[in-house]
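What follows is a short report on a single structure.
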Amino acid sequence: EGRDVAMLLRAAASRTMGRLACRRGLSSVSLTFIDQQGKETAVPAEVGKSVLDAALASKIDIEAACGGEMACSTCHVILEPDNFDSLGEPAEEEQDMLDLAWGLTKTSRLCCQIKVTDDLDGTKYTLPEEPAL
């Protein structure tokens with residue numbers, strides 16, 4: 001009986017700490033990047049930052065020439081349809097930049113424009129194939 005109470009207290013404390021972490025912006029989720037060879041790499045992503053921030057922090061091979069200022073299309077990623085639909089339409093400025101992207105698809109986005117939320121936990125982002133030179 002004493003062990004059950006201790007277990008319940010630990011569980012309650014864990015939930016409370018999780019809620020406090022969310023309020024402080026310390027929460028993180030897991031995102032998966034898929035490279036051109038199909039290799040999947042799961043990375044932590046801080047809620048409130050961009051998907052690009054998570055990619056760069058984890059050394060994902062993504063160019064991001066403009067540093068996330070939406071002045072290029074080098075952080076172009078391809079989303080799964082459900083994830084794409086859940087994010088809503090990209091802004092006109094993002095659509096203009098996407099028009100310059102190589103390997104554009106119906107579910108393409110600039111990952112500098114996707115803010116990490118709890119809802120993105122487990123989502124996948126495919127890096128487009130690079131053009132043959």
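Just so it is clear, the structure is predicted and the values come from calculations on it, not from any experiment.
- Sequence neighbours left out, the pairs with a member in residues 83-98 that pass salt bridge (Lys or Arg N to Asp or Glu O under 4.0 Å) are Glu94-Arg109.
- Not counting sequence neighbours, Lys49 has no partner by the salt bridge (charged side-chain N to carboxylate O under 4.0 Å, His left out) test.
- Linking ILVMFWY residues whenever their side-chain heavy atoms come closer than 4.5 Å, directly or via other members, places Leu79 and Ile60 in the same cluster.
- Residues Val51 and Leu104 do not share a hydrophobic cluster, clusters being chains of Ile/Leu/Val/Met/Phe/Trp/Tyr side chains in contact below 4.5 Å.
- Note that CG of Leu56 is 10.0 Å distant from SG of Cys112, once rounded to the nearest 0.5 Å.
- Applying the side chain to side chain donor-acceptor pair (under 3.5 Å) test to pairs two or more places apart or on separate chains, those with a residue in residues 71-84 are His76-Ser108, Asn83-Tyr125.
- Atom CD of Gln113 sits about 11.5 Å away from atom CG of Leu87, to the nearest 0.5 Å.
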* For the pair Thr105 and Thr126, evaluate side-chain contact (heavy atoms from CB on, under 4.5 Å) and give the outcome as yes or no after the intermediate values. => CA-CA 11 Å; Thr105 73; Thr126 300; over 6 Å; no

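- A distance of 9.5 Å separates OG1 in Thr41 from CZ in Phe33, rounded to the nearest 0.5 Å.
- Atom OG1 in Thr107 sits 6.5 Å away from atom CD1 in Ile78 (nearest 0.5 Å).
- Note on residues 31-45: pairs passing salt bridge (Lys or Arg N to Asp or Glu O under 4.0 Å), not counting sequence neighbours, are Glu40-Lys124.
- Trp102 contributes no side-chain N or O that, together with a main-chain N or O of Pro128, makes up a donor-acceptor pair within less than 3.5 Å.
- For the pair Asp118 and Ser27, the minimum side-chain heavy-atom distance is below 4.5 Å.
- One hydrophobic cluster, built from ILVMFWY side chains closer than 4.5 Å, holds both Leu120 and Phe84.
- Rounded to the nearest 0.5 angstrom, Thr117 OG1 and Lys115 NZ are separated by 11.5 Å.
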* Asked: Given Val43 and Ser30, is the side-chain contact (heavy atoms from CB on, under 4.5 Å) satisfied, shown in steps?
  -> CA-CA 6 Å; Val43 303; Ser30 178; over 6 Å; no

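- Rounding to the nearest 0.5 angstrom, the gap separating the CG atom in Leu100 from the SG atom in Cys72 is 9.5 Å.
- Considering only heavy atoms from C-beta on, Leu52 stays 4.5 Å or farther from Ile114 through its side chain.
- Among pairs with a residue in residues 52-72, those fulfilling side chain to side chain donor-acceptor pair (under 3.5 Å) read Ser50-Asp53, at least two apart in sequence or across chains.
- With sequence neighbours excluded, the residues satisfying side-chain contact (heavy atoms from CB on, under 4.5 Å) with Ala45 are Val29, Leu31, Ala54, Val116.
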